[in-house]
Each structure stands twice: as structure tokens, then as C-alpha cells.
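Only one structure is covered here, and it is reproduced in the block below.
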Amino acid sequence: MSSKTSQAMGSARSARRVFDAQSPYVLALGVLMSRLETTEQKLRVLEAERAVILSEAYQLAVAEGDGLGTDTPSGKNGELAYRAVRAEVATVLGVGERAVDRQLSQAELLHRAYPMVSQTLADAHISYRHAEVILDAGNVIGSGDDASTVARRIGYEQAVLLSP
């Protein structure tokens with residue numbers, strides 16, 4: 001038997017011993033994975049809450065707009081309000097205003113245009129990163145509120161969230 005074969009067999013025996021059902025490592029790993037799963041669930045719930053807060057902050061700026069019936073801050077008042085919101089959020093998060101621009105618009109889009117994704121995130125079934133990927137891929141559908149676009153988004157949400 002070559003030394004490489006002997007080493008490989010020794011490694012295999014060692015791996016079996018570590019992952020043997022009676023090994024204390026298996027129990028410890030199970031405890032760690034349970035803690036990790038709980039922590040991940042909590043993080044997902046907090047990410048969903050963060051997205052709600054950012055969406056609400058964005059909506060405050062829209063409400064301060066000049067009443068042009070849009071989903072974006074409009075007019076002088078809306079623009080000033082948006083800048084104030086963006087600056088406040090950037091300060092709280094400790095990031096630049098450009099990063100906050102993306103976060104605010106994504107959070108608003110998530111809650112306005114993708115309610116199933118938003119709810120799935122709130123239920124901790126997906127992470128915020130998953131939601132971002134869904135939104136990014138959904139850009140080809142559009143963010144409009146006309147019946148055709150809304151129907152396509154609903155179909156898209158169902159396809160990505162309910163498919164096995």
C-alpha cells in the first residue's frame with residue numbers, strides 16, 4: 001500500500017470518527033447549526049423591518065411632493081424632502097448617499113410592486129439578498145402600475161416564489 005493510499009485511508013477513518021453519530025462533535029455541530037438557523041431567521045425578520053422603514057421614509061418624501069400623483073418625490077418640496085430623508089438615512093446607516101439612493105428605491109419598489117416578495121421576506125423564508133435578486137431580475141418587467149405590468153409582475157412573483 002502506498003503512503004498516499006495509507007494517508008487517504010487514515011483521513012477517511014478520521015473523518016468517520018469525527019462525524020460518527022456518537023461523536024461529541026456531532027452534538028456540538030447540531031447545537032451550533034440550531035443557533036445559526038435561529039440567528040438567520042432573526043436577521044431575515046430584521047432585514048424585512050429595515051426595508052419597511054426605508055420604504056416609509058421614501059414615502060414621506062413623496063408625501064412632501066407637489067402633489068403630482070406620482071410614486072416618486074416630485075417638485076421642489078419633494079426633491080428637498082427626498083434629499084433630507086436620504087441624508088438622514090445615510091447618517092444613521094453610516095454609508096454614502098448614493099448607496100442610500102439605491103436602498104430607498106429598492107425598499108419602495110419591494111413594498112409597492114412586489115408584495116408577495118415583501119411578505120415572503122417578512123416571514124423569513126428568503127433573505128433580503130434574495131429579494132434584491134428578484135427585484136433586479138424583475139426590472140425587465142417594469143415598475144409601472146398599469147394592469148398589464150402588474151399582471152406580469154404577479155406572474156413573475158408566483159413563478160419565483162412558488163416554484164419547487
Validation row: E47, K42 side chains within 4.5 angstrom (heavy atoms): no

Evaluate whether atom CD of E40 has more than 12 neighbouring non-hydrogen atoms of other residues, nucleotides or ligands under 6.0 angstrom away. yes

Yes or no on side-chain hydrogen bond (donor to acceptor under 3.5 Å, both in side chains) for S118 and H111, after CA distance, side-chain angles and deciding distance? CA-CA 6 Å; S118 181; H111 288 91; 3.1 Å; yes

Measuring from atom CD1 of I134 to atom CE of M116, what distance do you get when rounded to the nearest 0.5 angstrom? 9.5 Å

Approximate separation, where rounding is to 0.5 Å, of L32 CG and T39 OG1: 10.5 Å

Evaluate the side-chain proximity of L93 to Q103: yes if any heavy-atom separation is below 4.5 Å, no if none is. yes

Please find the pair of heavy atoms, one from A48 and one from A122, that lie closest to each other, and give the distance. CB-CA, 3.5 Å

Using 0.5 Å steps for rounding, measure from the CD atom of Q106 to the OH atom of Y128. 4.5 Å

Report yes if the side chains of K76 and L80 come closer than 4.5 Å at any heavy-atom pair, otherwise no. yes

With the side chain counted from C-beta on, respond yes when V89 and V95 share a heavy-atom pair under 4.5 Å apart, and no when they do not. no

CD of E157 to CG of L135: how many Å apart, nearest 0.5 Å? 9.0 Å

Quick check: is L110 connected to V52 through a chain of hydrophobic side chains (ILVMFWY, heavy atoms under 4.5 Å apart)? no

If you measure from the Lys or Arg side-chain nitrogens to the Asp or Glu carboxylate oxygens, is any gap between R112 and D145 under 4.0 Å? yes

Which is it for R152 and S148 under the side-chain hydrogen bond (donor to acceptor under 3.5 Å, both in side chains) test, yes or no, and what are the steps along the way? CA-CA 6 Å; R152 286 194 317 267; S148 172; 2.8 Å; yes

Would you give the length of the straight line joining atom CZ of R102 to atom CG of L109, rounded to the nearest 0.5 angstrom? 10.5 Å

Take Y82 and D101 through the side-chain hydrogen bond (donor to acceptor under 3.5 Å, both in side chains) test and state the conclusion after the steps. CA-CA 9 Å; Y82 180 74; D101 265 334; 2.4 Å; yes

Same apolar cluster (I L V M F W Y, side chains within < 4.5 Å links), L162/L121: yes

Does V140 share a hydrophobic cluster with I154, counting links as ILVMFWY side-chain heavy atoms below 4.5 Å and allowing steps through other members? no

CG-OG1 distance between L43 and T38, expressed to the nearest 0.5 angstrom: 11.0 Å

Applying side-chain contact (heavy atoms from CB on, under 4.5 Å), run through V150 and D146 and close with a yes or a no. CA-CA 6 Å; V150 170; D146 60 282; over 6 Å; no

Test your reading of the model: is there a side-chain donor-acceptor pair from E108 to the backbone of Q59, 3.5 Å cut-off? no

